[in-house]
*Asks:* 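This is the structure I want to talk about, given as structure tokens.
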Amino acid sequence: MWLNWLYFPPDILDDETSTDMVVREGSDVTLRCSATGSPAPNITWRREDGQQILLGNGEKVMNVEGAHFNITKVNRLHMGSYLCIATNGVPPSVSKRIMLIVHFPPMIWVPNQLVGAQEGQLMTLECLSEAYPKSINYWTRENDEIVPQGGKYEPILLDNNYKVHMKLTIHSVNTSDYGSYKCVSRNSLGDTDGSISVYAIPSGSGSNSNTGNDTKYKGKLRQNSGNNILEGNQDMLKERDLKLRSRKKNGDGTDDYEDSSSTTRKSSVLLLVVTIILTLCLNHRLPFRTLHPA
């Protein structure tokens, strides 16, 4: 039984272990954890939220082993709670929570810097901000005039740790709402802003440029059984015939119009007559009288 006294569970030494830390972004950080126990405990680091730990070389891991946890050039992604866990095979294991806070000045991203709207529309402007300590966020217009809350203007802030989604909804846009807007973010380390221009979209439907639809269809030339046939309507042919008659009545002898259908019809009749005569001569072999000189 006396051998049981040689083994005892781990215990974390608060005096030799890091407490909550506040650091500037870009600096180097070392988290320390010291524990006693028999046998000597192993120290493991992991994030309390279960996310992966970002190392200085860009690699991501779930756990880091060792009493010292070094972070080179800490950034906002390292911010969070870390657990120092000591185990030596003798239950229970023990842990300590250490909060790492990273301070950095505000930064703003604007998804759409140019936004159009018609009069009477509802319009929403958006900006994404990151800052820690938490920033003060608001909207301004020309001459740095702060956009008032209430009425037709509805500013909304969606806060998630050090991230803020800024929205400005404008109800029933009118001519006075067009122009430049700024989303502003400030904290103790600095301030920044992003610009958005709002322009007017004409509400009219615009002129109809498709005038070709007003042109009436009269005819087109197509190939049919080896002959050129003009497809059209009777109105077109009557119109052309009336024009020709009018010119002849007025004494205009200039024949600038050729009735292609009439010419074709005459040629066809003449060709038909010749063909009939030749056919009769060949089939009936009509006798020819030979004339002799007297």
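What you see below is based on every heavy atom in this structure, not just the backbone, and it leaves out hydrogens, waters and symmetry mates. Quick caveat: nothing in here was measured; it's all calculated off a predicted structure. Heads up: numbering here begins at 1 and tracks the sequence.
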*Asks:* Applying the 4.5 Å side-chain criterion to the ILVMFWY set and letting contacts propagate, would Y153 and V164 be lumped into a single cluster?
*Replies:*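 Result: yes, single cluster for both.
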
*Asks:* State, with a plain yes or no, whether a side-chain heavy atom of R24 is found less than 4.5 Å away from one of L189.
*Replies:*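 Yes, their side chains come closer than 4.5 Å.
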
*Asks:* Check whether any side-chain N or O of N112 sits under 3.5 Å from a backbone N or O of C127 as a donor-acceptor pair, and report yes or no.
*Replies:*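 Absent.
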
*Asks:* Of the non-hydrogen atoms in V110 and I108, which two are nearest, and what is the gap between them?
*Replies:*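 Scanning both residues completely, I find the closest heavy atoms to be CG2-CG2, 4.1 Å.
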
*Asks:* May I ask you to test the I98-T17 pair for a side-chain heavy-atom distance under 4.5 Å?
*Replies:*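 Heavy-atom side-chain distance check passes, below 4.5 Å.
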
*Asks:* Decide yes or no on side chain to side chain donor-acceptor pair (under 3.5 Å) for E25 and H103, but give the supporting numbers first.
*Replies:* CA-CA 6 Å; E25 191 171 44; H103 281 188; over 6 Å; no

*Asks:* Has H78 got a side-chain atom pairing as donor or acceptor with L54's backbone, closer than 3.5 angstrom?
*Replies:*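 Confirmed, H78 side chain pairs with L54 backbone.
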
*Asks:* Are the side chain of S34 and the backbone N or O of L13 linked by a donor-acceptor pair below 3.5 Å?
*Replies:*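 No; zero donor-acceptor contacts below 3.5 Å.
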
*Asks:* Taking salt bridge (charged side-chain N to carboxylate O under 4.0 Å, His left out) as the test, write out the residues that go with K134, two or more places apart.
*Replies:*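 Applying salt bridge (charged side-chain N to carboxylate O under 4.0 Å, His left out) to K134 gives D159.
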
*Asks:* Say whether Y82 and V74 are linked into one hydrophobic cluster, either directly or through other cluster members, by side-chain heavy-atom distances under 4.5 angstrom.
*Replies:*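 Y82 clusters together with V74.
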
*Asks:* Quick one, N42 with T87, criterion side chain to side chain donor-acceptor pair (under 3.5 Å). Give me CA distance, side-chain angles, the key distance, then yes/no.
*Replies:* CA-CA 5 Å; N42 296 318; T87 59; 4.9 Å; no

*Asks:* Answer yes or no: is there a side-chain heavy-atom contact under 4.5 Å between S185 and I136?
*Replies:*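 They are not in side-chain contact.
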
*Asks:* Is it the case that over 12 heavy atoms from other parts of the model lie below 6.0 angstrom from the CG atom of N57?
*Replies:*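 Yes, enclosed.
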
*Asks:* Taking 4.0 angstrom as the limit, do R32 and E16 come out as a salt bridge?
*Replies:*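 No, this pair does not count.
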
*Asks:* Determine yes or no for a side-chain-to-main-chain donor-acceptor pair under 3.5 angstrom, with N143 supplying the side chain and E145 the backbone.
*Replies:*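 A pair under 3.5 Å: no.
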
*Asks:* Taking C-beta and beyond as the side chain, do H165 and E126 meet within less than 4.5 Å on heavy atoms?
*Replies:*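 Heavy-atom side-chain distance check passes, below 4.5 Å.
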
*Asks:* In the structure I gave you, are the side-chain heavy atoms of V29 and V102 within less than 4.5 Å of one another anywhere?
*Replies:*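 No, their side chains stay 4.5 Å or more apart.
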
*Asks:* Test of understanding: clusters of I, L, V, M, F, W, Y form through side-chain heavy atoms closer than 4.5 Å, transitively. Do I196 and Y138 belong to the same one?
*Replies:*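 Cluster IDs for I196 and Y138 differ.
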
*Asks:* Determine whether E48 and R97 make a side-chain contact, defined as any pair of heavy atoms from C-beta on separated by less than 4.5 Å.
*Replies:*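 When only atoms from C-beta onward are counted, R97 and E48 do touch, with a gap below 4.5 Å.
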
*Asks:* Please verify the inter-ring angle class for Y162 with F104; under 30° counts as parallel, over 60° as perpendicular, anything in between as tilted.
*Replies:*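 Ring orientation, 0 to 90° scale: perpendicular.
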
*Asks:* Any side-chain heavy atom of L83 sitting closer than 4.5 Å to one from W45?
*Replies:*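 With C-beta onward as the side chain, the pair stays apart.
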
*Asks:* Less than 4.5 Å apart, side chain to side chain, heavy atoms only: is that true for K182 and W139?
*Replies:*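 The answer is no; the side chains never approach within 4.5 Å.
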
*Asks:* Under a single-linkage definition using a 4.5 Å side-chain heavy-atom cutoff for Ile, Leu, Val, Met, Phe, Trp and Tyr, are M107 and M166 assigned to the same hydrophobic cluster?
*Replies:*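 Different clusters: M107 never reaches M166 through Ile, Leu, Val, Met, Phe, Trp or Tyr contacts under 4.5 Å.
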
*Asks:* Tell me whether the count of non-hydrogen atoms from other residues, nucleotides or ligands lying under 6.0 Å of CD in E65 goes above 12.
*Replies:*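 Atom CD in E65 is crowded, with more than 12 foreign heavy atoms closer than 6.0 Å.
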
*Asks:* Does one hydrophobic cluster hold both M79 and L128, with members joined at side-chain heavy-atom distances below 4.5 Å?
*Replies:*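 In one cluster with M79: L128, no.
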
*Asks:* Applying the side chain to side chain contact (heavy atoms under 4.5 Å, CB included) test to E119, which of T175, V173, I201, D177 qualifies?
*Replies:*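 Only one of T175, V173, I201, D177 forms a side chain to side chain contact (heavy atoms under 4.5 Å, CB included) with E119, namely T175.
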
*Asks:* Determine, stepwise, if the pair S180 / S197 fulfils side chain to side chain donor-acceptor pair (under 3.5 Å).
*Replies:* CA-CA 4 Å; S180 178; S197 295; 4.8 Å; no

*Asks:* Do D14 and K96 sit within salt-bridge range, that is, some charged N less than 4.0 Å from a carboxylate O?
*Replies:*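 Result for this pair is yes, salt bridge flagged.
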
*Asks:* Are more than 12 heavy atoms from other residues, nucleotides or ligands located less than 6.0 Å from atom NZ of K163?
*Replies:*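 Atom NZ in K163 is not crowded, with 12 or fewer foreign heavy atoms closer than 6.0 Å.
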
*Asks:* Less than 3.5 Å apart, any donor N or O on the side chain of D28 or T72 sitting next to an acceptor on the other?
*Replies:*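 Side-chain D/A pair, D28 to T72: absent.
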
